[in-house]
Peer 1: 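Pasting a structure below so you can have a look.
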Number of protein chains: 2
Amino acid sequence: MYAASQPAVQSFQPSDSATGASIPGPHLVAAYKPGREIYAEGDAVERCYQVATGAVRIYRLLSDGRRQVVSFHLAGEMFGFEAGARHRFFAEAITETRLAVFGRRPMQEYSRELLALALAGLARAQEHLLVIGRQCAVERIAAFLLDISYRQGDVRQLKLPMSRQDIADYLGLTIETVSRVMTRLKERGLIGLRDARTVDITKPDALRSLCS
Amino acid sequence: MYAASQPAVQSFQPSDSATGASIPGPHLVAAYKPGREIYAEGDAVERCYQVATGAVRIYRLLSDGRRQVVSFHLAGEMFGFEAGARHRFFAEAITETRLAVFGRRPMQEYSRELLALALAGLARAQEHLLVIGRQCAVERIAAFLLDISYRQGDVRQLKLPMSRQDIADYLGLTIETVSRVMTRLKERGLIGLRDARTVDITKPDALRSLCS
DNA sequence: CGGAATCTTGACCAAGTTCAAGCGGTGTGG
DNA sequence: CCACACCGCTTGAACTTGGTCAAGATTCCG
């Protein structure tokens, strides 16, 4: 449902892109343990990142502890560019994660490439707004599973890197609701749950028709 | 709460911006009656727009009629740039509206300026995600009123160009809930309601402390 | 003045939250 | 090696927020 706008892999080095440009040569690769912070709210924006392996969550905390995850980033996807000089969200590795890191210089020089990425990010945020603003719990979960499946290469069996709590905070639900909906989808035969993090999409069309 | 990232006025022609660049000369100015469509979902993306006067809503419809307004654009603000070749949202004039229209050429040549706009749009969408995903009805309305007030120049008395239905569809609520919360805020003395569209923010700090 | 939007209000209802308990796997220390 | 504690997940029951449905009130205009 909201996979449509999602390129399978984002990259600064498009092999055959319309622009022909690419960010040159060697760049840092950093490794992060699960839960490790990549940047914090308030930090200066001076790099951007591409996930080599693993997964990342971007989120914000409210003063009373409520958390909103605004995006996940899987292998191949870029993140870290923001409007102002300071980050307004936290970024954390979800699993064992390796990142390609791009410095300030490239970011300023490659505004055309960054523009495409920013516009793609905007599109995804807007799709997500639609899901959170106007869809019920089942629809949100269905859309989420399809989106992740699509981003992992339209696989039938997907490995969720994130916890139920992460999913809940991404979809504006509680962990209990996520859990309940998952089991309900399993009972209805739309998905299989090998374990909590391993989902088989047994009836993709049925799932798709769920998120109107 | 989410006004912080919002420049008071966005422009392709920043008088004293860091870039120094500006998009040259004459461009079309178009007028729209209330409710008139500016572009539709599926239309080719070939212009972008700056609101001269009036207000615009950007939205998407679900097949069963549910609507999500993803953004409003007030005087000075730009919209219309999207990731793909086709629009994935509708744009409509809310009130009597005049728009400055920019063609394809400038859009391709001014990626730096567009990048800033896209990043600002991304920031706003993400803030909005936080509001819709994790805040209750009162918090949403409080944040909304403060945001609009800020964007109209931090005025105490604000004129809402949009209907209760527009607000509801923007905040992921129903028109009834919006109405109830408004009257409750009035009863508590946080705002005054001259008429439904004219709001006095009598206690801005109290309102601010509402949206945690 | 009449009619149509738009907005408000009330009573009831339901989806999702909260609170609480239990399950299952994993890792650790006795 | 087993016992135990921990963590993430699931499940159930009661509750609450916001939604639905229905009726009025207001405003806007012709």
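Chain identifiers are assigned alphabetically (A, B, ...) following the order of the sequence lines, protein sequences preceding nucleic acid strands; residue numbering begins at 1 within each chain.
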Peer 1: Among A:E127, A:Q126, A:R134, which residue meets the side chain to side chain contact (heavy atoms under 4.5 Å, CB included) test with B:R60?
Peer 2: A:E127

Peer 1: Can you measure A:I191 atom CD1 to D:dT10 atom C1' for me and round it to whole angstrom units?
Peer 2: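 One finds 14 Å between C1' of D:dT10 and CD1 of A:I191, rounded.
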
Peer 1: Rounded to whole angstrom units, what separation is found between the CD1 atom of B:I175 and the C1' atom of D:dA22?
Peer 2: 14 Å

Peer 1: Would you mind reading off the distance between B:L160 atom CG and D:dT27 atom P, rounded to a whole angstrom?
Peer 2: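 From B:L160 CG to D:dT27 P: 16 Å.
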
Peer 1: So, does B:T95 use its side chain to make a donor-acceptor pair with the main chain of B:G54 at under 3.5 Å?
Peer 2: no

Peer 1: Taking 5' to 3' order, which nucleotide of DNA chain C is first and which is last to have an atom within less than 4.0 Å of a heavy atom in chain B?
Peer 2: C:dT6 to C:dA11

Peer 1: Take the protein atom CZ of B:R197 and the nucleotide atom P of D:dC28, then report the distance between them rounded to whole Å.
Peer 2: 10 Å

Peer 1: Let me know the distance between CE of A:M162 and P of D:dC9, rounded to the nearest Å.
Peer 2: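 Distance, rounded to whole Å: 11 Å.
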
Peer 1: Just to verify, which of B:T183, B:V178, B:L185 counts as forming a side chain to side chain contact (heavy atoms under 4.5 Å, CB included) with B:V181?
Peer 2: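 So, applying the side chain to side chain contact (heavy atoms under 4.5 Å, CB included) to B:V181 and each of B:T183, B:V178, B:L185, only B:L185 qualifies.
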
Peer 1: Give one of base, sugar-phosphate or nothing for A:R184, where a contact means two heavy atoms less than 4.0 Å apart.
Peer 2: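 The answer is nothing, as A:R184 stays clear of every strand by at least 4.0 Å.
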
Peer 1: If every non-hydrogen atom of B:Q152 is compared with every non-hydrogen atom of B:P161, which pair is closest and at what distance?
Peer 2: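 Minimum heavy-atom contact is NE2-CD, 4.3 Å.
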
Peer 1: Grab the two heavy atoms, one from B:L74 and one from B:A55, that are nearest each other, plus how far apart they are.
Peer 2: CD2-CB, 3.9 Å

Peer 1: Could you tell me how far apart A:K186 (NZ) and D:dC9 (P) are, to the nearest whole angstrom?
Peer 2: 14 Å

Peer 1: Look at all strands and tell whether A:T183 reaches a base, only sugar-phosphate, or nothing, counting heavy atoms closer than 4.0 Å.
Peer 2: sugar-phosphate

Peer 1: Salt-bridged, B:D195 to B:R197, with N to O below 4.0 Å?
Peer 2: no

Peer 1: With B:R57 as the cation and B:F72 as the aromatic partner, state whether NZ or CZ is under 6.0 Å from the six-membered ring centre and within 45° of the axis.
Peer 2: no

Peer 1: Is a side-chain N or O of A:R47 found less than 3.5 angstrom from the main chain of A:V101, in a donor-acceptor match?
Peer 2: no

Peer 1: I need the CG-P distance between B:D195 and D:dT26, as an integer number of Å.
Peer 2: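 The distance from CG of B:D195 to P of D:dT26 comes to 14 Å, rounded to the nearest Å.
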
Peer 1: Quick check: on DNA chain C, is the nucleotide nearest A:E176 upstream (toward 5') of the one nearest B:S163, or the reverse? Name the residue that is more 5'.
Peer 2: B:S163

Peer 1: Given atom CG of A:D166 and atom P of D:dC7, what is their separation to the nearest angstrom?
Peer 2: 16 Å

Peer 1: Between the protein and nucleotides 15-19 of chain D, list every N/O to N/O distance that falls short of 3.5 Å.
Peer 2:
residue: D:dG18; atom: OP1; partner: B:A137; partner atom: N; Å: 2.8
residue: D:dG19; atom: OP2; partner: B:T174; partner atom: N; Å: 3.4
residue: D:dG19; atom: OP2; partner: B:T174; partner atom: OG1; Å: 3.2
residue: D:dG19; atom: OP2; partner: B:T177; partner atom: OG1; Å: 2.4

Peer 1: Under 3.5 Å, is there a donor-acceptor pair between the A:Y32 and A:E96 side chains?
Peer 2: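 A:Y32 vs A:E96: no donor-acceptor pair found between side chains.
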
